[in-house]
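Quick note: numbers below take in every heavy atom, side chains included, and nothing from hydrogens, waters or symmetry partners. Here the structure is a predicted model, which means the values were calculated and not measured.
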Amino acid sequence: MKDEIRKLALGLGFDACGFTTASAPVSAPRFQDWLAKGFQGGMSYLERNAAKRMDPQLVLPGARSVISLAVSYHREPAPTDAATAGSASDPVGGASPMGVVARYARHTDYHDVLAARLRSLSAELDRLAGQKNSSLWYVDTGPLLERDLAQRAGLGFVGKHTGLISRRLGNWFVLAEILTVLPLGSDASERNHCGSCTRCLSACPTQAIVAPFQLDARRCISYLTIENKGPIPSEFRAALGTRIFGCDDCLAACPWNRFAKEGRLMREHYSSELEQPRLLELLRLTDSEFKTRFANTPLLRSKRKGLLRNVCVALGNVGDSSALPDLRRAACDPEPLISEHASWAVEQIVARAQV
């Protein structure tokens, strides 16, 4: 049965498929400790559903197995390295400075891309189980410790940057999972292969990886530019460089990327316009224009106020006097989150001009 399901999953476009039991991950206490330290920042939902995350039986009663799935978003040739392009010291200023978007977000929203395929796979599981609603699927949105389950299913190992690393896909993939009442058994768990390497810790612009396997989300640029709904703390703004949605630096530093293979499914959903959009164009977007431009992409999640907040910080880091008219208009935006960061950006540019 496992072979049949794996063949179907790969046929649907998934790049890897592994199996494990629906028992609680042994890493659950580490998750509790992470929450106790406050490393989750403003992601209060992690606390609300902590019990479910630590026990899949609370998510789907009677679950016997978890099917862990991976989809690669790697491209050949590789996109511009975000670790380089995102630096505030890069010569990307001038009349048309550009922002950097995390690699996964340069595609159609993977949640939408994978949903239909997961429904198809779940329908087959229901058929095999002989009952409806015998399975439950998620695309990294469910209350599960999905990286821990994926490691136990043999898809990869949790690296020192706390992301999952695959020896076949590198760091460039997203996860999905299906809980099922079917007793499918387990694949061999993957062991850690980081060794003595600490490149990801050194690469982090804000030192968010406070120790191996410990990430303080409150310092992480991906959190600050996406999950964080409020102002970006002043002490981290320069470190954002020109990153306006997410950060790839710790992932890009990993030596296992030399084995990364281009994803089959996400290839057709790539948009070059999302690679390095022009900051001043973004700053001029109205709410309706924002929704139209970023419909069906991950950037829609940030909403106009979140993205333009990030754009203002990027312009404050690399913009010159040509950006001042647009920033001064943005400083009058009725949305306080935008106006405050635009005013900060004006101050940064004016200060540089006076040096």
Side-chain angles (χ1 to χ4, degrees), residues 24-56 58-59 86 102 104-105 138-152 157-165 171 174-175 177 192 194 198-241 243-251 253-254 298 301-303 305-307 309-310 312-313 336-337 340-341 344:
V26 295
S27 57
R30 291 199 296 271
F31 175 62
Q32 288 180 304
D33 180 63
W34 184 78
L35 291 174
K37 292 176 179 177
F39 284 173
Q40 73 277 17
M43 295 181 287
S44 57
Y45 61 89
L46 294 175
E47 299 173 76
R48 287 196 304 270
N49 58 30
K52 284 187 175 181
R53 287 182 183 274
M54 294 184 289
D55 186 358
L58 299 178
V59 182
Y104 83 88
Y138 292 109
V139 186
D140 80 10
T141 54
L144 298 168
L145 297 178
E146 62 174 2
R147 283 168 293 185
D148 306 77
L149 292 170
Q151 176 167 312
R152 204 168 70 189
F157 58 94
V158 177
K160 292 178 181 177
H161 52 30
T162 74
L164 196 73
I165 303 170
N171 289 252
V174 295
L175 292 172
E177 47 279 330
N192 186 275
C194 286
T198 57
R199 294 184 192 181
C200 58
L201 279 75
S202 301
C204 181
T206 56
Q207 291 77 57
I209 309 171
V210 295
F213 310 106
Q214 293 190 50
L215 176 74
D216 185 346
R218 298 168 299 182
R219 304 180 63 90
C220 176
I221 291 177
S222 286
Y223 168 80
L224 291 171
T225 57
I226 303 174
E227 294 285 349
N228 169 41
K229 307 307 179 187
I232 294 175
S234 298
E235 64 265 32
F236 298 130
R237 293 183 185 183
L240 262 65
R243 302 171 190 84
I244 58 171
F245 193 88
C247 178
D248 288 326
D249 287 25
C250 65
L251 303 180
C254 181
R301 180 182 175 189
S302 65
K303 300 183 180 179
K305 64 180 181 180
L307 184 66
R309 170 200 60 189
N310 303 338
C312 288
V313 172
L337 196 63
E340 187 272 313
H341 289 76
W344 176 86

Does W344 reach the side chain of I232, with side-chain heavy atoms less than 4.5 Å apart?
no

What is the minimum heavy-atom distance between C194 and K160, and which atoms define it?
SG-N, 3.6 Å

Any heavy-atom pair between the side chains of L149 and E177 that's under 4.5 Å?
no

Beyond-backbone contact of P205 with R243, side-chain heavy atoms, under 4.5 angstrom
yes

Inter-residue atom distance N228.CG - F236.CZ, 0.5 Å rounding
10.5 Å

Correct closest heavy-atom pair for C254 and N171 would be CB-ND2, 3.1 Å

Is a side-chain N or O of S222 found less than 3.5 angstrom from the main chain of C247, in a donor-acceptor match?
yes

Taking only Lys NZ, Arg NE, NH1 and NH2, and the carboxylate oxygens of Asp or Glu, determine whether E235 and R218 approach each other closer than 4.0 Å.
no

Less than 4.5 Å apart, side chain to side chain, heavy atoms only: is that true for L58 and P143?
no

Test your reading of the model: is there a side-chain donor-acceptor pair from D55 to the backbone of A51, 3.5 Å cut-off?
no

Can you give me the closest heavy-atom contact between G42 and Y223, atom names plus distance?
N-OH, 2.7 Å

Please report the shortest heavy-atom distance between F213 and V158, naming the atom on each side.
CE2-O, 3.5 Å

Quick check for you: to the nearest 0.5 Å, what is the distance between T225 atom OG1 and L307 atom CG?
9.5 Å

Euclidean distance, Q40 CD relative to L46 CG, rounded to 0.5 Å
6.5 Å

Side chain proximity check, R301 to I226, heavy atoms < 4.5 angstrom:
yes

Less than 4.5 Å apart, side chain to side chain, heavy atoms only: is that true for L145 and R30?
no

Mind checking what makes salt bridge (charged side-chain N to carboxylate O under 4.0 Å, His left out) contact with R147, not counting sequence neighbours?
none

Identify the heavy atoms of I209 and C250 that sit nearest to each other, and give their distance.
CD1-CB, 4.0 Å

Supply the atom-to-atom distance D148 CG to R53 CZ, rounded to the nearest 0.5 angstrom.
11.0 Å

Residue pair P298 / F245: nearest heavy atoms and the distance that separates them
O-CZ, 3.3 Å

Closer than 3.5 angstrom, by distance alone: can the side chain of H161 be matched with the main-chain N or O of C204 as a donor-acceptor pair?
no

Can you list the steps and then say if V174 with V139 is a side chain to side chain contact (heavy atoms under 4.5 Å, CB included)?
CA-CA 8 Å; V174 295; V139 186; 5.7 Å; no

With sequence neighbours left out, the residues meeting salt bridge (charged side-chain N to carboxylate O under 4.0 Å, His left out) with D140 are none

Taken to the nearest 0.5 Å, the spacing of K303 NZ from K229 NZ works out to 7.0 Å

Verify, without hydrogens or angle tests, whether R309 (side chain) and L337 (backbone) share a donor-acceptor contact under 3.5 angstrom.
no

Below 30° counts as parallel, above 60° as perpendicular, anything between as tilted: where do the rings of W34 and F39 land?
perpendicular

Rounded distance (nearest 0.5 Å) linking atom CD1 of I165 with atom SG of C200
7.0 Å

